[in-house]
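So the structure is just underneath, and the comments pick up after that.
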Amino acid sequence: MDNWINTILENCVTALVCPRSEFYPDKNFGSHIKSEKFLLDSERFLAFARQALCEFDGVYVKSAIMKSDSVDFLLLINDYEREVSISL
């Protein structure tokens, strides 16, 4: 059962890391996380992550926690909690 969760997590990380509007053919894929990383706080990281993952069925971004060189996101995937970290 963890195999499908890992696949979804990989897809979520790809969407969080990929710069928004630079993915062909879907210009709405990706996030603004890395483009404005020095101007952001945890709330904006959370908003950008939710925007990037809004089309993923069963995925909800519960929280974002800023660290010195990364952001940790707590995701709910069909009621399973998983954490991913994106380095800045």
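Just so it is clear, the model here is predicted, and its values are computed rather than measured.
- Counting all heavy atoms, side chain and backbone alike, S87 lies closest to K34 at O-NZ, 3.1 Å.
- Panel note: side chain S70, backbone M66; no donor-acceptor pair is recorded below 3.5 Å.
- Judged as a salt bridge (charged side-chain N to carboxylate O under 4.0 Å, His left out), the pairs with a partner in residues 63-72 (not counting sequence neighbours) are, in order, K67-D72.
- The distance from the CG atom of N11 to the CG atom of N6 is 11.0 Å, given to the nearest 0.5 Å.
- Between V71 and F48, every side-chain heavy-atom pair lies at or beyond the 4.5 Å cut-off.
- You'll find the side chain of F29 stays beyond 4.5 Å of the side chain of E55, heavy atoms only.
- Counting only distance, with no hydrogens or angles, the side chain of D41 and the backbone of R44 share a donor-acceptor pair below 3.5 Å.
- Here I33 contributes atom CD1 and L16 contributes atom CG; the two are 4.5 Å apart, rounded to the nearest 0.5 Å.
- The distance from the CG atom of L53 to the CD1 atom of I8 is 11.0 Å, given to the nearest 0.5 Å.
- Listed by first and then second residue, the salt bridge (charged side-chain N to carboxylate O under 4.0 Å, His left out) pairs involving residues 73-88 are D2-R82, K62-E81 (not counting sequence neighbours).
- Looking at L76, L75, L74 one by one, the single match for side chain to side chain contact (heavy atoms under 4.5 Å, CB included) with V61 turns out to be L75.
- Under a hydrophobic clustering in which Ile, Leu, Val, Met, Phe, Trp and Tyr are joined whenever their side-chain heavy atoms come within less than 4.5 Å, directly or via other members, V84 and L88 fall into the same cluster.
- Of all heavy-atom pairs spanning A52 and S31, the tightest one is CB-CB, 3.6 Å.
- Atom CD1 in I5 sits 8.0 Å away from atom CG in N78 (nearest 0.5 Å).
- A pairwise comparison of heavy atoms in F73 and F45 identifies CE2-O, 3.7 Å as the closest pair.
- A heavy-atom distance below 4.5 Å is found between the side chains of V59 and C12.
- For residues 4-23, no pair satisfies salt bridge (charged side-chain N to carboxylate O under 4.0 Å, His left out), with sequence neighbours left out.
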